[in-house]
Structure formats: structure tokens, C-alpha cells
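These notes concern the structure reproduced below.
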Amino acid sequence: PYDVLVVGGGPAGSSAAIYAARKGIRTGIVAERFGGQVLDTMSIENFITVKETEGPKLVASLEEHVKEYNIDVMNLQKATKIAKNDLFELELENGATLKSKSVIISTGARWRNVNVPGEQEFKNKGVAYCAHCDGPLFEGKDVAVIGGGNSGIEAAIDLAGIVKHVTVLEFNDTLKADEVLQQRAYSLPNVTIITNAQTTEITGDDNVNGITYVERDTNEEKHIALQGVFVQIGLVPNTEFLADVVERTPMGEIIVDKHGQTNVPGLFAAGDCADTAYKQIIVSMGSGATASLGAFDYLIRN
Ligand code: FAD
């Protein structure tokens, strides 16, 4: 069996595996797609010590670093079930079962798509999902934020300090964001909030050039010319396969303590799939290191 089996090969999982292997213990990584969300990212400017890079380049460095160590990398393998008997048993989609004394879940998350024409076509060409990451690329431009929950209104406030103008489009007739965030957003001169607005298309040529929505009360179609669209309608953790083996929040995030341990002894979680604050590459690498050191502590006590 493995000492530490890491499920997920993004920044959190890679960091966890390297920390484990450096303890000289038997370590494996199972990843549906090594690299995770970073593979889908164009420009990265907030990974400290690297002024600017691209997702696939950062993934190549991750892979190179992981390969420096004695780590079994099982790429293109999807975990479908986990159980704890004497050991943890992880079932894969291909029918195999892997056994381990401890497991670190780092299966990340996915942004919920609005599924309108233009969204896929203009991803990384004006369609963005992370204001912390991509906000500065839209300096001085006009942008829209789709979604009026906490993440949408936080993004609008954040972007208002960088871009020329932000239009928030909320489907429902009221915003779901906390009152204090709403007040702040309404007080900003360069933020317009439109409720009851159903986004129907993101338009563009080479890059985004506008957004079309329907006023749900009048059924009238409107178009706004702009250069960026931030989709903020939820981040969904990839934790469905855990079912009720481990405690999760109502949103599906795995609940962890400050050592990255879940309510199940020996089962740890890190990165975007856990209920840790802020979903960023640098944050997920830190939490991967924490979970791995937590797992090592667990192993030497059991
Ligand atoms: P992920 O990167 O999501 O990796 C999850 C891993 O788990 C993958 O290998 C996946 O294949 C695997 N997996 C999932 N389910 C299973 C399963 N059942 N079995 C086996 N493997 C599984 N952050 C920044 O700091 N700066 C940026 O500029 C930035 N830009 C971004 C741009 C975009 C378009 C996106 C989508 C995200 C961006 N982020 C950015 C956020 C950042 O990518 C994430 O916070 C980070 O990748 C989270 O790392 P993770 O390892 O927790 O999860």
C-alpha cells in the first residue's frame, strides 16, 4: 500500500505529493488530468517569484518538479469511490483499487458556466472567471459581471478600482450578496447593477465586444458594448465521488481543520475542493503542503 495517496494533480496535489515524497514515504498521485485548472489559464501574474507565466508552462514546471521525486504518477485516472477499512481503498473508473494508509483529496473545483453562445468561444479572450487573477488585464476597459451573489458583487467592487466601468447582470429581481457588499457596490460611481436580466449571448469578433441580455419583466433585448465578461455564478468543488464518506459544507467543500485533516482520521484535503478561504494557485500549494505535513504527523502516530 501507499503511505500517502494524493487524489488530484493540480497545484495542491503536486505540492502535497512533493512534501510527502521528501519524507521518504511511499507516495502516489492519481489525476484525471494532471495540471488541473492551471492548464486552462492563459496569463498568470500573481504566482509570487514568477512575474508572468502561462498555465501550460507552469504545469510543465510542476510536472518536472514532481518527477524529481519517487512518486507514482497515475495520470488520466479518475477516482470514483473511496472507503476506509484497515486501509483506505480508492476505486478508479478503470476498475482498479488502490490502497493507502492516508489519503489527501485535492480534486479542485470548476467554475459554473452560464452556457450562453460566446462563453466557450471567448474564454481567455475576454471571458474570465477570476477577478483577482484577470482583473488587471482589463484596466481602463468596460466589463460586465454575471451574477449578483457575494462573489459577483465582490468581483464588481474589486474590478471597479481597476476598470473604467462595471455592469452587474443579475438574473433574479434582487441581489443575493450580503447587504454591506450591496451598499458598497451601489455607492460606486462606475458600477451599474441591473437585476431581472437574463444574459443571452456574449458577442465578439476576435475578442469580446459586448453582451446581450433580456429584461425579464419587459422581454426587451438589450446590448452593451464592452471588452470583458466575468462569470461569477458559483465555483463547484469536484467532491461528488466522496458521497457521505467525509463531512462537506452544503456547497460540497470538504471541511478541514488547520492541519488539513477531515473528520475521518487519515483523510486530508487541500486546495479548491476544501473549505479553505480563497481559491488561488499559491494558496492551494500552501494548503497542499499543510495537508501533507498533517498526513505525515498522522502516519508517525499510527
Ligand atoms: P485543480 O487545479 O482544480 O486541480 C484538480 C486536480 O484534480 C486535477 O488534476 C483534476 O484532473 C483532478 N481531479 C478532479 N476530480 C478527480 C477525480 N475524481 N479523480 C482523480 N482526479 C480528479 N489562480 C491564481 O492564483 N492565479 C491565476 O491567474 C488564476 N487564473 C485562473 C484562470 C482560470 C481560467 C481558472 C479556471 C482558474 C484560475 N486560477 C488562478 C485559480 C487556480 O487555477 C486554482 O485555484 C488552482 O488551480 C486550484 O488548485 P487545486 O490543485 O486545488 O485544483
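Note that ligands are numbered from 1 as they come in the structure, with each ligand's atoms numbered from 1 the same way.
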- [ ] Can you establish whether the number of heavy atoms outside D205 located under 6.0 Å from its atom CG is more than 12?
- [x] yes

Task: Which segment of S14 sits under 4.0 Å of ligand 1 when only heavy atoms are counted - done: neither

TODO: Looking only at protein heavy atoms, identify the closest one to atom 53 (O) of ligand 1 and say how far it is in Å.
DONE: G108 CA, 3.2 Å

Open item on the list: Using a 3.5 Å cut-off on N or O atoms only, is R33 in polar contact with ligand 1?
Closed with: yes

TODO: Please determine if P11 has a nitrogen or oxygen closer than 3.5 Å to a nitrogen or oxygen of ligand 1.
DONE: yes

Task: ligand 1 atoms in contact with A109 (distance to a heavy atom under 4.0 Å) - done: 3 (O)

TODO: Examine the side chains of Q280 and N46 and answer whether a donor and an acceptor come within less than 3.5 Å of each other.
DONE: yes

Task: Nearest heavy atoms of I233 and I146, plus distance in Å - done: CG2-O, 3.7 Å

- [ ] Provide the number and element of each atom of ligand 1 under 4.0 Å from a heavy atom of T41.
- [x] 30 (N), 31 (C), 32 (C), 33 (C), 35 (C), 38 (C)

- [ ] Decide whether an N or O pair under 3.5 Å exists between G9 and ligand 1.
- [x] yes

Task: Contact check: E32 vs ligand 1, nitrogen or oxygen atoms, below 3.5 angstrom - done: yes

Task: Contact partition for W111 relative to ligand 1, non-hydrogen atoms under 4.0 Å - done: side chain

- [ ] Tell me whether the guanidinium CZ or amine NZ of R22 lies under 6.0 angstrom from the six-membered ring centre of Y69 and within 45° of its axis.
- [x] no

Task: Those atoms of ligand 1 less than 4.0 Å from some heavy atom in S106 - done: 5 (C), 6 (C), 7 (O)

- [ ] Indicate yes or no: does an N/O atom of Q37 lie under 3.5 Å from an N/O atom of ligand 1?
- [x] yes

- [ ] Measure across N150 and D178 and return the closest heavy-atom pair with its distance rounded to 0.1 Å.
- [x] OD1-N, 2.8 Å

Task: Protein contact of atom 12 (C) of ligand 1 - nearest heavy atom, named by residue and atom, plus distance - done: G8 CA, 3.7 Å

- [ ] Could you tell me whether the side chains of H165 and T192 share a donor-acceptor contact shorter than 3.5 Å?
- [x] yes

Task: Nearest-contact summary for atom 39 (N) of ligand 1 - protein heavy atom, Å - done: C133 SG, 3.9 Å

Task: Heavy-atom nearest neighbour in the protein, as seen from atom 51 (O) of ligand 1, with distance rounded to 0.1 Å - done: A12 N, 2.9 Å

TODO: Answer yes or no: does atom NZ of K123 have more than 12 heavy-atom neighbours from other residues, nucleotides or ligands under 6.0 Å?
DONE: yes

TODO: If you have a sec, work out which protein heavy atom is nearest atom 34 (C) of ligand 1 and how many Å separate them, to one decimal?
DONE: D40 O, 3.8 Å

Open item on the list: Below 4.0 Å, non-hydrogen atoms only: which portion of T107 touches ligand 1? Side chain, backbone, both or neither.
Closed with: both

- [ ] Identify the residue among N113, D40, V229 that makes a side-chain contact (heavy atoms from CB on, under 4.5 Å) with Y129.
- [x] N113

Open item on the list: Please list, in number order, the atoms of ligand 1 under 4.0 Å from a heavy atom of G271.
Closed with: 52 (O)

- [ ] Consider every N or O of D134 and every N or O of ligand 1, then say whether any pair is closer than 3.5 Å.
- [x] no

Task: R110, portion touching ligand 1 at heavy-atom distance under 4.0 Å - done: neither

- [ ] Taking only heavy atoms of V38 into account, list the atoms of ligand 1 that are under 4.0 Å away from them.
- [x] 47 (O)

TODO: Verify whether one side chain among E215 and N196 offers a donor that lies under 3.5 Å from an acceptor in the other.
DONE: no

Task: Q77 touching ligand 1 at heavy-atom level, < 4.0 angstrom - done: yes

TODO: Tell me yes or no: between the side chains of D72 and Y2, is some donor less than 3.5 Å from an acceptor?
DONE: yes

Task: Output field: ring centroids F230/F138 closer than 6.0 Å - done: yes

- [ ] State, without any angle test, whether N209 and T203 hold a side-chain donor-acceptor pair at a distance under 3.5 Å.
- [x] yes

- [ ] State whether the number of non-hydrogen atoms from other residues, nucleotides or ligands found under 6.0 Å of Y213 atom OH is greater than 12.
- [x] yes

- [ ] Would you check if E52 and K57 make a side-chain contact, meaning some heavy-atom pair closer than 4.5 Å?
- [x] no

Open item on the list: Is there a polar contact between ligand 1 and D272, counting only N or O atoms under 3.5 Å apart?
Closed with: yes

Open item on the list: Below 3.5 Å, N or O to N or O, backbone or side chain included: is there any such pair between A79 and ligand 1?
Closed with: yes

Open item on the list: To the nearest 0.5 Å, what is the distance between CE on M285 and CD1 on I18?
Closed with: 8.0 Å

- [ ] Supply the atom-to-atom distance E45 CD to L137 CG, rounded to the nearest 0.5 angstrom.
- [x] 5.5 Å

Open item on the list: Geometry only, no angles: is I281 polar-contacting ligand 1 at N/O separations under 3.5 Å?
Closed with: yes

Task: N/O separation below 3.5 Å, F34 to ligand 1 - done: no

Task: atom 26 (N) of ligand 1: nearest protein contact (heavy atom, Å) - done: N46 OD1, 2.8 Å

TODO: Could you check atom 41 (C) of ligand 1 against the protein and tell me its nearest heavy-atom contact, residue, atom and distance included?
DONE: K279 O, 4.0 Å

